Amino acid sequence: MGATTAEQGEAAEEGEINPFTNKPFSDKYRKILAGRRKLPVNKHRKEFLDLVQNNQVVILVGETGSGKTTQIPQFMVFDDLPAFKGKKIACTQPRRLAAMSVAQRVAEEMDVVMGQEVGYNIRFEDCTSERTMLQYMTDGMLLREAMNDPLLTRYSAVILDEAHDRTLSTDILMGLMKEIIKKRPDLKVVVMSATLDAGKFQKYFDDAPLMSVPGRTFPVEIYYTPEPESDYLEAAIFTALQIHRTEDAGDILLFLTGEEEIEDACRKIKAEADQMPDAGPIKVYPLYSTLPPQAQKRIYDDAPPPRTPGGRPGRKVVVSTNLAETSLTIDGIVYVIDPGFSKQKVYNPRIRVESLLVSPISKASAQQRSGRAGRTRPGKCFRLYTENAFMKELIETTYPEILRSNLGTVVLQLKKLGIDDLVHFDFMDPPAPETLMRALELLNYLGALDDDGNMTPLGSTMADFPVDPQLAKMLITSPQYGCSNEIMTIVSLLNVPLVFMRPPDQRKMADEAKAQFSHPDGDHLTLLNVYHAYKTSGEDQKWCYDNFCNYRTLKSADNVRTQLKRYMERADLDLVSLPFDERPKGPYYTGIRKALCAGYFMQVAHQERSGNYLTVKDNQVVRLHPSSCLDHASEWVIYNEFVLTNQNYIRTVSEVRAEWLLDIAPSYFDLDSFPNCEGKRVLEKLIMRRKSSSSRERDDDEDERRKNRKSDRGDRDRKDSKRRR
DNA sequence: GAGCACTGC
């Protein structure tokens, strides 16, 4: 960093000529500058520069509206300018949209062209140039850069913004920064957080100095219920209606947990409010991330006017998931209803399953929610729980993601970053040892780590791919099975939301449309069929609509595929296909299914004589998800996803053969490590038979046996011929 | 016979 003062920085900003472009400042610039001077953080410029010039790490707490995200990076870039050595300043954001919009805003504030001196870098979009001095980016993007440049030599300073969010990437970056600063005394690190939890950050960074900037919001009155509510949904709807009938003008934001609940609540609120003779008109909008963007935008519509001039005010009600807690802000909200729940990811290392659970929120989250009522004027927040519950039952902050996730990718990334000793890596919150063990075990079976836990060349290549380790393994192995083109497609589709649409009122038609793409050997090949049909249609939006496929999803899958292809080429992997063969059991499809096994051999289920499926090794009883196109005649299946709801479902499933599993993953299918179950006995017999005859003959026999088994079923052939495309 | 909170590379 430089040695400039706040006065010098301000003088440069108020001069005639823009020091970054050597052009005169515009009028618009001066107008914006006047507004910037009023931001709370502006009073702390001197204090900040003193701290950052004299310390390698600075922690900054800035509440909502303090201006930290836009101003702090500018303070630094002005300080950097006189002695600029060609190194950039990075400012990370957990979300892409934030990185883009903040960069746009700062480019305007600095009177430069976006992508020149100020830019952003997110997946699929690098909007920077050689001139770029200040770069906003996603935290995941900086992490990926670190994997190829472990000392982050391109940067003079790294600002980790929204650190209180504690995303996986931010947590790893923080640990990494602690390592890097030892080797890069010239690198400055600023950790910015919006919560009072900053003491924890300060301690983690060896008592780095802490600077605190107040926010600029309006007061929000908090109301608690006197007694606990037995049904939060009912209470929420009641409260919304009560506000509508009795409170002054101002919009309502209600937090619920998921799509179905939200749609249901919207209908009920609308229906009841329309029947209230003494209340104004009402507009109710749902908000969740899978809602099409067009529908999402409606939350910004104005509230309806009163029915008669001077009558009861019209009102807008937004019923939202956590999306409105941090990612999106809606101006004009005056009333917030907080039932105190959200869906949260939890990871169970014992059965290796991530699932979503409706759980009580944290105090920090409750505060964030109530703050949403005070963005434009004083507001009110109705918490549908008791004050006592808030004080005594809610945890302080939501558990960071690293404590709630499967860490396969994280461990691989850390290894790639050169962190050999994971057990002693300085996590801000160390994950459970069992979770780390599970990750190491997975990576070892996949061949990414050797038996000593060191990264193999395969693991190093796997880490380069922006997908789960299993999928990376599939991609890298796929040329050996002659089907990398097809595996790229399947992996892309597994990395986007569900392609198949199923509107509640057109289920039958949607299912029929989907049946056209069904492949008898499973859902992975069905995905491949859809993609081919989409490409054949000329990537036609109408075709998607007519066939109940999500156009946006297919488009983004194609985007992902293009990126994967670049990574394949970079890794010098062949892009190949087997000659197409219409037979479902022909080599074209068999090759693809074998490649699937190479990544997913740890997610296998075996059908017992009872008809139940049991997951291999963990012996969990599971059922095929009803959306699966596979019927129940498949003895061995691999699955992409274990869905834990009222039932245990496996979703996105394909039929495989025991022989392939034994060949592809002999160490995982070492029967000594198997608990007793039918599947184990089947494999034992298979191994015995293989010992007594050559495996090639045996495989042919097996093929024959299966063919007979299937054609026993009268309807099966008919179905096959209908499904085959 | 159907539970995708939210992000990110």
Side-chain angles (χ1 to χ4, degrees), chain A residues 92-99 121-126 137-148 162 165-173 255-264 287-291 320-328 341-346 354-359 361 365 368 398 400-402 404-405 409-410 412-413 416 462-469 471-472 495-502 504 507-508 510-511 514 550 553 556 559-560 563-564 566-567 623-629 631-632 641-652:
Chain A
T92 67
Q93 299 292 321
R95 287 166 283 278
R96 297 163 48 113
L97 188 67
N121 191 2
I122 59 179
R123 186 183 189 182
F124 304 127
E125 210 181 333
D126 180 0
M137 64 202 303
T138 46
D139 48 12
M141 197 73 191
L142 185 61
L143 190 58
R144 207 142 270 283
E145 266 193 51
M147 296 195 316
N148 293 310
E162 314 288 348
D165 258 26
R166 303 292 307 278
T167 65
L168 273 177
S169 298
T170 297
D171 266 21
I172 301 170
L173 280 173
F255 287 101
L256 291 177
T257 65
E259 173 176 345
E260 204 178 300
E261 199 177 75
I262 287 170
E263 293 290 356
D264 190 41
L287 178 64
Y288 42 87
S289 76
T290 48
L291 205 63
S320 171
T321 61
N322 261 0
L323 193 59
E325 193 179 301
T326 46
S327 309
L328 262 174
F341 293 95
S342 70
K343 270 191 198 170
Q344 288 169 31
K345 184 171 72 181
V346 286
E354 275 182 354
S355 49
L356 285 172
L357 224 72
V358 174
S359 324
I361 60 170
S365 206
Q368 179 70 26
T398 311
E401 203 182 356
I402 200 163
R404 299 182 284 119
S405 307
T409 304
V410 168
L412 190 60
Q413 279 175 343
K416 179 90 180 187
M462 279 168 63
D464 287 335
F465 282 88
V467 295
D468 288 345
L471 297 175
N495 267 285
V496 293
L498 282 185
V499 170
F500 299 107
M501 315 262 285
R502 204 163 181 258
R507 285 186 188 166
K508 198 159 170 278
D511 291 346
K514 189 182 166 186
N550 190 326
T553 303
S556 89
N559 210 2
V560 172
Q563 194 193 21
L564 293 178
R566 273 206 304 276
Y567 280 106
R623 307 178 60 170
L624 297 185
H625 195 272
S627 67
S628 179
C629 67
D631 64 24
H632 289 259
E641 206 184 351
F642 189 117
V643 187
L644 197 66
T645 54
N646 291 328
Q647 289 253 13
N648 293 344
Y649 289 109
I650 48 176
R651 187 157 57 188
T652 317

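Quantities reported herein were computed from a predicted structural model and do not represent experimental measurements. A, B, ... follow the sequence lines: proteins, then strands. Residue 1 opens every chain.
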Under the salt bridge (charged side-chain N to carboxylate O under 4.0 Å, His left out) test, residues paired with A/E401 that sit two or more places apart: A/K345

Using a 4.0 Å cut-off to any heavy atom of chain A, which nucleotides of DNA chain B are the first and last in contact, reading 5' to 3'? B/dG1 to B/dC9

For A/Q647 and A/Q563, find the nucleotide of DNA chain B closest to each by heavy atoms; which residue's nucleotide sits nearer the 5' end? A/Q647

Where each residue is assigned the nucleotide of DNA chain B containing its nearest heavy atom, which of A/E261 and A/Y567 is assigned the position nearer the 5′ end? A/E261

Considering residues at least two apart in sequence or located in another chain, which fulfil the side-chain hydrogen bond (donor to acceptor under 3.5 Å, both in side chains) criterion with [X]?
X      : answer
A/E325 : A/S365, A/R369
A/Q93  : A/D161
A/S320 : none

Does any non-hydrogen side-chain atom of A/S169 lie less than 4.5 Å from one of A/Q413? no

When we call it a touch if two heavy atoms are under 4.0 Å apart, what does [X] touch: a base, just sugar-phosphate, or nothing?
X      : answer
A/T138 : sugar-phosphate
A/D511 : base
A/Y288 : sugar-phosphate
A/R96  : sugar-phosphate
A/P94  : sugar-phosphate
A/R123 : base
A/E325 : nothing

For A/F465, which residues count as a ring pair (Phe, Tyr, Trp, His ring centres under 6.0 Å) partner, sequence neighbours excluded? A/Y567

